[in-house]
There are 2 protein chains.
Amino acid sequence: MSERSNMVGDLAPVVGYHLRRASGVFAADFAAAMEGTGMRQVLIGILAVVSGSPGINQGAVGRVLGIKRANMVSLINELVDADLIERVVDTADRRAFALTVTPSGATLLAACLRKIETHEDRLLAGFTAAEKNMLLDFLGRIERRGAPPA
Amino acid sequence: MSERSNMVGDLAPVVGYHLRRASGVFAADFAAAMEGTGMRQVLIGILAVVSGSPGINQGAVGRVLGIKRANMVSLINELVDADLIERVVDTADRRAFALTVTPSGATLLAACLRKIETHEDRLLAGFTAAEKNMLLDFLGRIERRGAPPA
DNA sequence: TATTGTTATACTCTATAACTATA
DNA sequence: TATAGTTATAGAGTATAACAATA
């Protein structure tokens, strides 16, 4: 038996362990797929959420993605500095910033989503469409058991 | 539609995104379940692997769990300092340490595994046994697509 | 009072490079 | 020369507490 197959002993039936490892496999391949774009998982997440909800503010984006307000600040700064999102004071609530994706942000997001599709297809090559849908369903059910974001 | 249901837009069909979120839900609940034990996900992983392969050395544990040699050092130190594992020079290869779980390490691991079972049952409450097995199968297939550990 | 964004800070996880001692 | 362990270091993710401006 090789070192990789089943040396994990008591961990073998632990879903949380395998979620962690599988998530790591995706993260590593994601990083490789994004090489040259400067994008990371979190940044793509923010870009996608802002793209889907133009005018949304930082706090709301954070609540959707499970990112704390305090940690949103530098992430948004990165995206603004890279001219991928625009941040203007919300006229309806002057505490908040209305976020929108810039043209170059939209272009980059589209390009990244194409790369992500290839990356996902590579990692899920052994999955039928039905299996992939089941996996997405299972993961969604787990996500909804999480504590609501602060 | 609430903020939590589907504001993720283009991320909705992205398995890697949902793996990340679901893994985070498990990690947060795991941490809560381990409160008072001083244990974290990585430490339990190491304890379980050493428990299943007494005499194994640090490098091998790292390869099984996907932890780099350099990062193993302080983790093993933590476990040794807490008297949960014992580290003795391997007589067959004096570069290496043979690792074993101490009696208190075995007791703590057993106690944690019981807590983990409760924690997993809570998060997977909506899953049938067949669904849980399918999920474990899916995750295992993804893990095996990862780059072999350095 | 509550909320938006911010700063400061700290801990964990992960990664690389360079070193030592053994093999 | 290759491997086991180590040190130092850096980047990224995540967490809390406290503050200013606005609601």
Side-chain angles (χ1 to χ4, degrees), chain A residues 3 17 20-21 23-32 34-35 38-46 55-80 85 87-99 146-147 149-150, chain B residues 3 16-17 19-21 23-32 34-35 38-46 55-80 85 87-99 146-147 149-150:
Chain A
E3 238 175 21
Y17 167 72
R20 189 172 136 86
R21 294 303 302 272
S23 179
V25 168
F26 262 80
D29 194 77
F30 183 95
M34 288 302 114
E35 233 194 13
M39 287 294 100
R40 309 191 303 276
Q41 282 183 312
V42 203
L43 297 180
I44 291 290
I46 296 173
I56 194 173
N57 67 40
Q58 295 184 197
V61 174
R63 280 189 295 275
V64 170
L65 293 174
I67 305 171
K68 294 252 184 301
R69 293 179 305 290
N71 297 324
M72 285 298 299
V73 180
S74 63
L75 294 169
I76 295 292
N77 283 343
E78 274 190 76
L79 292 169
V80 169
I85 71 172
R87 173 177 47 188
V88 301
V89 174
D90 186 332
T91 49
D93 181 347
R94 287 172 27 245
R95 294 172 301 183
F97 289 122
L99 304 176
Chain B
E3 241 175 20
Y17 167 72
L19 268 176
R20 189 171 137 87
R21 296 302 303 272
S23 179
V25 167
F26 262 80
D29 194 77
F30 183 96
M34 288 302 115
E35 233 193 14
M39 288 294 100
R40 309 191 302 277
Q41 282 182 313
V42 203
L43 298 179
I44 291 290
I46 295 173
I56 194 173
N57 66 41
Q58 293 183 199
V61 174
R63 280 189 294 276
V64 170
L65 293 174
I67 305 171
K68 295 253 183 300
R69 294 179 302 290
N71 296 324
M72 285 298 297
V73 180
S74 63
L75 295 170
I76 295 291
N77 284 342
E78 273 189 78
L79 292 169
V80 169
I85 71 173
R87 171 177 47 190
V88 302
V89 174
D90 186 333
T91 50
D93 181 346
R94 290 175 21 247
R95 292 173 302 186
F97 290 123
L99 304 176

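All heavy atoms count here, side chains included; hydrogens, waters and symmetry mates do not. Naming: A, B, ... by sequence-line order, numbering from 1 per chain.
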- Message: Just N and O in the side chain of B:Arg95: are any of them under 4.0 Å from OP1 or OP2 of C:dT20?
- Response: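 No.
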- Message: Whether B:Arg94 contacts C:dA21 is assessed here as follows: a side-chain N or O lying under 4.0 Å from the phosphate OP1 or OP2. Is that the case?
- Response: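 For B:Arg94, the contact criterion (side-chain N or O under 4.0 Å from OP1 or OP2 of C:dA21) is not met.
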How long is the line joining [atom1] of [X] and [atom2] of [N], in whole Å?
| X | N | atom1 | atom2 | value |
| --- | --- | --- | --- | --- |
| B:Gln41 | D:dG13 | CD | P | 17 Å |
| A:Glu35 | C:dA15 | CD | P | 14 Å |
| A:Glu78 | C:dT6 | CD | P | 14 Å |
| A:Leu99 | C:dG5 | CG | C1' | 11 Å |
| B:Asn57 | D:dT3 | CG | P | 13 Å |
| B:Asp29 | D:dT14 | CG | P | 17 Å |
| A:Leu75 | D:dA12 | CG | P | 11 Å |
| B:Met34 | C:dT12 | CE | C1' | 17 Å |

- Query: Would you say the side chain of A:Ile46 lies within less than 4.5 Å of the side chain of A:Met72, judging by non-hydrogen atoms?
  - Reply: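 Side chain of A:Met72 against side chain of A:Ile46, heavy atoms only: contact under 4.5 Å found.
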- Query: If you take all heavy atoms of A:Glu78 and A:Leu43, which pair is closest and at what distance?
  - Reply: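 Closest approach of A:Glu78 to A:Leu43, heavy atoms only: OE1-CD1, 3.8 Å.
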- Message: With rounding to the nearest 0.5 angstrom, report the CG to CG distance, A:Asn71 to A:Leu65.
- Response: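 Answer rounded to 0.5 Å: 12.5 Å.
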- Message: Working to the nearest 0.5 angstrom, can you tell me the gap between B:Leu75 CG and B:Ile85 CD1?
- Response: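 It comes to 9.5 Å.
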- Query: Do you know which of B:Asn57, B:Val89, B:Asp90 makes side-chain contact (heavy atoms from CB on, under 4.5 Å) with B:Phe97?
  - Reply: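 Exactly one option meets the side-chain contact (heavy atoms from CB on, under 4.5 Å) with B:Phe97, and it is B:Val89.
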- Before giving the answer on side-chain contact (heavy atoms from CB on, under 4.5 Å), spell out for A:Val42 and B:Arg20 the whole-Å C-alpha distance, their side-chain angles and the decisive distance to 0.1 Å. CA-CA 10 Å; A:Val42 203; B:Arg20 189 171 137 87; 3.4 Å; yes
- Could you go step by step and tell me if B:Val73 and B:Asn77 meet the side-chain contact (heavy atoms from CB on, under 4.5 Å) rule? CA-CA 6 Å; B:Val73 180; B:Asn77 284 342; 3.9 Å; yes
- Does B:Asp90 or B:Arg40 map to a spot on DNA chain C nearer the 5' end, using the closest nucleotide for each?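 Nearest-nucleotide comparison on DNA chain C picks B:Arg40.
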- Item | Nucleotide of C:dG5, D:dT16, D:dG5 approaching A:Lys68 most closely (side-chain heavy atoms) |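 My answer, after comparing the listed nucleotides, is D:dT16.
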Check: protein-nucleotides 6-10 of chain D nitrogen or oxygen pairs below 3.5 Å:
residue: D:dT6; atom: OP2; partner: B:Gln58; partner atom: OE1; Å: 3.1
residue: D:dT6; atom: OP2; partner: B:Gln58; partner atom: NE2; Å: 3.1

